[in-house]
Every structure is written in structure tokens, then in C-alpha cells.
Enquirer: 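I have a structure here, written as C-alpha cells, and I will follow up with some questions on it.
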Amino acid sequence: VLVLTEGFLTFLSGRSTASAVRRAIASRTQSQLQHEILAPYLRSKRWFSGKDRAITRIDIREQSEWRDGGGQWLLTLIEVHFSAGDPQLYFLPLAMAWEDETSEEKLRALLPWTLAKVREKARMGILYSGYGDNGFCRALVRAIARGTSVPLGEGSLHFQATGAIPDLAALADEPVYHPGLEQSNIAVLFGERLFLKCYGRLQRGINPEVEVGRFLTQQAAYSHAVPVGGFMEYRSPTGDTIDLALLQSFLANQGSAWNYAVDYLERTLAEPSPASDDGEPNQHAFFMHQMNNLGKRTAELHQAFGKTTGNPAFDPEPATATDLERWFEAVRQDAVQTLDRLESRLGQIPEALQMSCKTLLSQRPALLAGLRPQGLEDGQLMRSRYHGDYHLGQVLRVQDDFIITDFEGEPARPLAERRAKHSPLRDVAGMLRSFSYAASVAVQRSTTERPGDRDGLVRQAMAWQQQTAQAFLEGYRDGIVACPTWPADEEAVAQLMRLFLIEKALYEIRYELDNRPDWVGVPVVGLLRQLENAEKERVLE
């Protein structure tokens, strides 16, 4: 509870102004502010990425008052320091609401956003994050529409519209909704017209999601990504930028391609397989047609990234011999790190999965020996921008077609790495691995009540996965023709696909070891299949 001293609000005319918030914060000691107010609030949020580290200090780096549309907020940039590792930066808008001037309905709505209770004599209120305030969210959209700038300490906030969404200021008056499920960022919906994505942890530099979204909207005119309407960024006194929020069109959709694929396969596994006149299964025909279309949409995205527009951040470039060696060396290092971690945690893995893990560990020499470029020549390949974290969960079904979303890249990787040009075949590998996960999840759900049918269901799911991968790849190949980043040599295609499938499976093994050891068998088996296929191809040669 923030207890305000006598006369504190008398000086401020008793109003819940931004100045009142500033003075309330200043009334606490550094220790009280970070341990009693800021740290507990941050740790309760999914978008806070420092939960696994001990907080040593929280500094308010910048703060300024902002008034718009009758609302007042204290804008703050806070820096969180830890006992180990680099500090993290967060944007936190703050406001106060008093019980005697705020409806019970609004106070209840602000509970998830509340940092602390506030008391001044017998008067009670709350200190809360402005993101929970509909007025603050509308003010952000209006500022984007106007293209305004707002001081923030020694720096400033800059708002900019792309022109892709007309009547932005009017759309700010749409009903404001906060999705019930908290994500790794803060989401705000305006009716069924706008989607505002406010970033949790901030990183200095250009956010690839904002950069790529603007490129696809304004330069490449790619129609199967969500249009970007504008953005908000912080500019430091030295000219460095940090992206804080992205404004996009809201698209009514039929859910993610992930849910669609898993639900479809689960229904299929629950029913007998009908047969066509020639005895071959035909129940997947429409689904495979859609996966073929997803492959084409993916190829069209890579065609957009393959355009030369004069934008040096996006124009494709030749992949040099140094680039190729660096790609393979990075995966070799991944393999050593992953297998070491797998071996050290073998005792924590369920017994039923240990045999597969031990088999993979025994394949270390073969795995590492195969991670060297063979016959790939300097200048033979091109590299470009690409999605960077591509899987079924990043694709929305819209009117039985597909819209590709979330170009932020893997959040755990540095911004420079996420913005670097590479082979778009990494996206293809990511989607193929996603099909494998979808099959495993569907089997797990189906065997909950039918454990005795597991072997048969696994065979059906594997057949589905192979058909799905084939349909996707056929669509991709049809759409990628003449793209400069598509290798002309089929052997180069095969070699890069092997490399990136291994890279993705290694990443998945590390993720599962850290988060879901019961699931480590999915990427382990997938990697064993990759090694088995590579050995078969070597023997045939």
C-alpha cells in the first residue's frame, strides 16, 4: 500500500493526475519501490522475461507526464538489473484511480493491471498500468494517427502512421478489449478493426516485426500478411531507437493453422479411414489442397523478400563461402551444446524416451561429420530476409486461405541476429517440423482414452505427416520458381534442407529439456530420422 503523506494531494487539488503518480513514486525509497511494488508486478506478467533471475535493482531511467483526451499518465522507462546477465528495459505507463471517483466496474477491470493500493487518510485507490486504461490505449492510436511526438525524459516518443489503414483517429473510438489470455506481449483490440501490440521487454535497435511489417505493407505489397497501420518508438538523446508498439488491422479469422491441423488429425484418428475406388485413402484430399496452398503462400512471402527495392536492409545478397561456413559452423556448435545438455540431463528424462536419446547420443560422430558444406560454391546461393520463427501457430486461416503473422523472429535471439539475411529455406524447415509436432499432439490426445491403439495411431499420424509435408513442398516449389533465393542446384536444396531441419530439431531438443522433458522424444525421433535418411542417401550414392 502506498500511504501518501498528509497534505500530499491537497497540494495537487486532490486529483488523480500524472503529477500525483510521480510524487507517489518519489515518496518511496528505492528499496520499497522495487521490492514492494515494481518487482512483484513484473514477476506476475508473462511478458516479463527475467523470471528465472534474481532482481538486484530496478531504476526508473526516464519519466514524463502525458495528457491526452482528458486522461493523464506518467510514462516511465524502467531498467531491471539482475544478479547475473544484462539488465532489461520495459515501458510502463502509470496512473492512479480513486474509489470515490471511479466506478466499481472500472476498478474491477483494472485489477489485473494494478501495481499497488494507494491510501491518503481514509481515501483509498490504486496505482495501475496505463495499458489497462481504455483512454490510454485510445490516446496511443490517436497519437499514431496524428504522427505526434511526446517528450519522455531526455528522449521522446514518436508515433507514425503508414497510411495503410484509413480513418485511424475515428477507429480509436471503437470498443476496447483486452484478450483474456496474456501473451508474451500486451495486446489491445479495438472492436474488430484494429490490433495494438505493445512490446513487453524492449530491445535497443530496430524491431524486425515493425521493420518487416512496414516493408511488406509499403514496399513489397504482400497481401497475405496483416497490414501495418503504424507504430510507436522511443528515441534516445543520441538518436538510438526502441520500438514500443505496433498497430495493425484486425482480421476476423478461423483460428490458427496449428489448431486447425491438430483438430483435423485428431478427428481423423477417431474415425475409420474411408477408401476411394482404387483402395487408396482419400479422406485428406481437401486438407492436402489447403497445405499445398500454404506452401504457395510461403513461397510468395519469400518472393516478396527476394525483390530488389533499393532498401539495403531487404535487398537479397549473394551468400559467400564465409557465410556458408558460418551457417554450418553455427549448427555444429548447436549440436555439441545440445548433445552435451541431453547427456547431462538423461536421468531427468522419462524412462520410455531414454533409449531414443541414447541412440541419438551414440550418433554424435555421424551428426557432426555431416555438418560441413559439400560442393556449395561461393556466390552460388543468395540470402535474404525471411520470417525467422515460422510454424503453424504463426499462420491464421482467413476465409479458407492463409495470412502469415508475427515477424518478430525468435524472441530469445538478439535483434541483430533476427534481422540478419539468411536462406529462407530455414522457414520451410520450421514448417516441416511443425507438422511433426502437430502429429505428436494429435496422437497424444487420441491415446488418452485409447492407449491400446497407440501403435496404429502413430502409423496413421506419420503417414499424414508425410503427405502433409509433401503437399506443402509441392505448393512451395510451384510458387518459388524464379525466386533469386531458391537454389538452382537440387543438391544444394537438399543439403540446405538437411542442415536447417537438423538445426530446428536441435533447438527443439534444448527447448523441451528446459521446459517439457516429457516432450523431448518428438525432436529426438525427428533428428534420428534425419540422420537415417542422410545415411540412406549416402549409401545410394
Enquirer: Applying salt bridge (Lys or Arg N to Asp or Glu O under 4.0 Å) to Arg419 and Glu408, what does each step give before you reach the verdict?
Expert: CA-CA 9 Å; Arg419 294 183 64 230; Glu408 193 175 358; over 6 Å; no
Enquirer: Give a yes-or-no answer on whether the side chains of Gln88 and Tyr90 include a donor-acceptor pair shorter than 3.5 Å.
Expert: yes
Enquirer: For residues 242-252, which side-chain N or O atoms pair as donor and acceptor with protein atoms under 3.5 Å away, sequence neighbours left out?
Expert:
residue : atom : partner : partner atom : Å
Asp243  : OD2  : Asn207  : N            : 2.9

Enquirer: Does the Lys504 side chain pair with the main chain of Arg433, one donor and one acceptor, at a distance under 3.5 Å?
Expert: no
Enquirer: Would Arg385 and Asp315 satisfy salt bridge (Lys or Arg N to Asp or Glu O under 4.0 Å), going step by step from the backbone distance to the final call?
Expert: CA-CA 8 Å; Arg385 298 293 286 270; Asp315 286 350; over 6 Å; no
Enquirer: Please confirm whether the backbone N or O of Gln444 pairs with a side-chain atom of Arg454, one donor and one acceptor, at under 3.5 Å?
Expert: no
Enquirer: Using modelled atom types only, decide if a donor and an acceptor are shared between the side chain of Thr359 and the backbone of Met355 within a distance under 3.5 Å.
Expert: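 Side chain of Thr359 to backbone of Met355, a donor-acceptor pair under 3.5 Å: yes, one is there.
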Enquirer: Given the rule in the salt bridge (Lys or Arg N to Asp or Glu O under 4.0 Å) test, do Arg445 and Asp263 qualify, once you have shown the distances and angles that lead to the verdict?
Expert: CA-CA 10 Å; Arg445 291 182 183 177; Asp263 293 345; 3.3 Å; yes
Enquirer: Applying ring-ring contact (aromatic ring centres under 6.0 Å, His included), can you list everything that pairs with Phe305, at least two apart in sequence or on another chain?
Expert: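 Phe305 satisfies ring-ring contact (aromatic ring centres under 6.0 Å, His included) with no residue once adjacent residues are dropped.
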Enquirer: Mind checking salt bridge (charged side-chain N to carboxylate O under 4.0 Å, His left out) for Asp453 and listing every partner two or more places apart, or none if nothing turns up?
Expert: Arg450
Enquirer: Should the pair Tyr437 and Trp519 be assigned to parallel (<30°), tilted (30 to 60°) or perpendicular (>60°) ring geometry?
Expert: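 It falls in the parallel class, under 30°.
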Enquirer: Would you say the side chain of Leu381 lies within less than 4.5 Å of the side chain of Asp323, judging by non-hydrogen atoms?
Expert: no
Enquirer: Apply side chain to side chain contact (heavy atoms under 4.5 Å, CB included) to residues Val228 and Val210 and explain how you reach the verdict.
Expert: CA-CA 8 Å; Val228 170; Val210 176; 5.9 Å; no
Enquirer: Let me see the working for Thr468 and Met288 under side chain to side chain contact (heavy atoms under 4.5 Å, CB included), right down to the final yes or no.
Expert: CA-CA 6 Å; Thr468 302; Met288 294 307 161; 3.3 Å; yes
Enquirer: Ignoring hydrogens and angles, tell me if any N or O in the side chain of Ser440 forms a donor-acceptor pair with the backbone of Ser436 under 3.5 Å.
Expert: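 Present.
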Enquirer: Looking at Ser129 and Gly132, would you say the former's side chain and the latter's main chain have a donor-acceptor pair under 3.5 Å?
Expert: no
Enquirer: Quick one: does any side-chain atom of His387 pair with a main-chain N or O of Thr405 as donor and acceptor, under 3.5 Å?
Expert: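 Side chain of His387 to backbone of Thr405, a donor-acceptor pair under 3.5 Å: yes, one is there.
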Enquirer: Can you tell me if Arg383 uses its side chain to pair, donor with acceptor, with the backbone of Ala319 under 3.5 Å?
Expert: no
Enquirer: Start with the C-alpha gap between Leu513 and Leu342, add the side-chain angles, then the distance that decides, and say whether side chain to side chain contact (heavy atoms under 4.5 Å, CB included) holds.
Expert: CA-CA 7 Å; Leu513 285 173; Leu342 180 63; 4.1 Å; yes
Enquirer: For Gln399, does the CD atom have more than 12 heavy-atom neighbours from other residues, nucleotides or ligands under 6.0 Å away?
Expert: no
Enquirer: Check for me whether the distance between the ring centres of Phe287 and Trp464 falls short of 6.0 Å.
Expert: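 Phe287 vs Trp464: aromatic centres under 6.0 Å.
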Enquirer: Check the surroundings of atom CG in Asn515: do more than 12 heavy atoms from other residues, nucleotides or ligands lie under 6.0 Å from it?
Expert: yes
Enquirer: Under the ring-ring contact (aromatic ring centres under 6.0 Å, His included) rule, collect the residues that match up with Phe402, sequence neighbours excluded.
Expert: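 If we apply the ring-ring contact (aromatic ring centres under 6.0 Å, His included) test to Phe402, skipping adjacent residues, there are no hits.
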Enquirer: I'd like to check the side-chain contact (heavy atoms from CB on, under 4.5 Å) partners of Leu353; sequence neighbours left out, ordered by chain and number.
Expert: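 If we apply the side-chain contact (heavy atoms from CB on, under 4.5 Å) test to Leu353, skipping adjacent residues, the hits are Ile349, Pro350, Val520.
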Enquirer: Among residues two or more places apart or on two chains, list those pairs meeting side chain to side chain donor-acceptor pair (under 3.5 Å) that have a residue in residues 288-300.
Expert: His224-Arg297, Tyr260-Gln290, Asn293-Asp401, Arg297-Glu300, Arg297-Asp401, Thr298-Tyr390
Enquirer: Below 4.5 Å, heavy atoms only, C-beta onward: do Val428 and Phe472 meet side chain to side chain?
Expert: yes
Enquirer: Could you check whether any side-chain heavy atom of Ile206 comes within less than 4.5 Å of a side-chain heavy atom of Leu415, counting everything from C-beta outward?
Expert: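 With C-beta onward as the side chain, the pair stays apart.
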Enquirer: As a quick check of understanding, evaluate side chain to side chain contact (heavy atoms under 4.5 Å, CB included) for Gln495 and Phe328, giving each step before the final call.
Expert: CA-CA 11 Å; Gln495 191 173 163; Phe328 280 81; 3.7 Å; yes
Enquirer: Give a yes or no on whether Gln219 atom CD has more than 12 heavy-atom contacts from other residues, nucleotides or ligands under 6.0 Å away.
Expert: yes
Enquirer: I'd like to check the salt bridge (charged side-chain N to carboxylate O under 4.0 Å, His left out) partners of Arg413; sequence neighbours left out, ordered by chain and number.
Expert: Glu410, Glu417
Enquirer: Looking just at side-chain N and O atoms, do Tyr131 and His178 make a donor-acceptor pair shorter than 3.5 Å?
Expert: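 On atom types as modelled, these side chains do not qualify, holding no pair under 3.5 Å.
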Enquirer: Between Gln333 and Glu329, does the side chain to side chain donor-acceptor pair (under 3.5 Å) criterion hold? Intermediate values first, please.
Expert: CA-CA 6 Å; Gln333 292 178 4; Glu329 177 59 27; 3.2 Å; yes
Enquirer: Could you give the side-chain donor-acceptor pairs of residues 481-489 under 3.5 Å, partners two or more places apart or in another chain?
Expert:
residue : atom : partner : partner atom : Å
Asp489  : OD2  : Ala492  : N            : 3.3

Enquirer: Before you tell me yes or no, could you show the steps for Arg345 and Asp514 under salt bridge (Lys or Arg N to Asp or Glu O under 4.0 Å), namely the whole-Å CA-CA distance, both residues' side-chain angles and the distance that decides it to 0.1 Å?
Expert: CA-CA 10 Å; Arg345 299 189 185 179; Asp514 291 340; 2.7 Å; yes
Enquirer: Using modelled atom types and a 3.5 Å cut-off, is there a donor and acceptor pairing between side-chain atoms of Asn185 and backbone atoms of Gly200?
Expert: yes
Enquirer: Using ring-ring contact (aromatic ring centres under 6.0 Å, His included) as the criterion, list what pairs up with His422, not counting sequence neighbours.
Expert: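 For His422, the residues satisfying ring-ring contact (aromatic ring centres under 6.0 Å, His included) (neighbours in sequence not counted) are Trp327, Phe500.
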Enquirer: Could you check whether any side-chain N or O of Gln354 sits under 3.5 Å from a backbone N or O of Leu346, counting only pairs where one atom can act as donor and the other as acceptor?
Expert: yes
Enquirer: Would you kindly say whether Gln470 and Glu474 are connected by a side-chain donor-acceptor distance under 3.5 Å?
Expert: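 Yes.
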Enquirer: Do we see a donor-acceptor contact under 3.5 Å between the side chains of Thr338 and Arg510?
Expert: yes
Enquirer: Going by the rule side-chain hydrogen bond (donor to acceptor under 3.5 Å, both in side chains), which residues pair with Lys421 if we only count those two or more places apart in sequence or in a different chain?
Expert: Glu317
Enquirer: Classify the side-chain pair Tyr199/Glu209 by whether it contains a donor and acceptor separated by less than 3.5 Å.
Expert: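 The answer is yes; a qualifying pair exists.
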Enquirer: Check side-chain contact (heavy atoms from CB on, under 4.5 Å) between Pro318 and all other residues, then give those that pass, not counting sequence neighbours.
Expert: Met382
Enquirer: Should we say atom CZ of Arg43 is surrounded by more than 12 heavy atoms from elsewhere, each under 6.0 Å from it?
Expert: yes
Enquirer: Apply ring-ring contact (aromatic ring centres under 6.0 Å, His included) to Phe314 and list each qualifying residue two or more places apart in sequence or on a separate chain.
Expert: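 Per chain and number, Phe314 pairs via ring-ring contact (aromatic ring centres under 6.0 Å, His included) with Phe215.
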Enquirer: Under a 3.5 Å distance rule, please check whether Lys51 uses its side chain to pair with a backbone N or O of Lys45 as donor and acceptor.
Expert: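 Yes; at least one donor-acceptor contact below 3.5 Å.
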Enquirer: Does a sphere of radius 6.0 Å around CZ in Arg364 hold more than 12 heavy atoms from other residues, nucleotides or ligands, not counting ones at 6.0 Å or beyond?
Expert: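 Buried by this count: over 12 neighbours within 6.0 Å.
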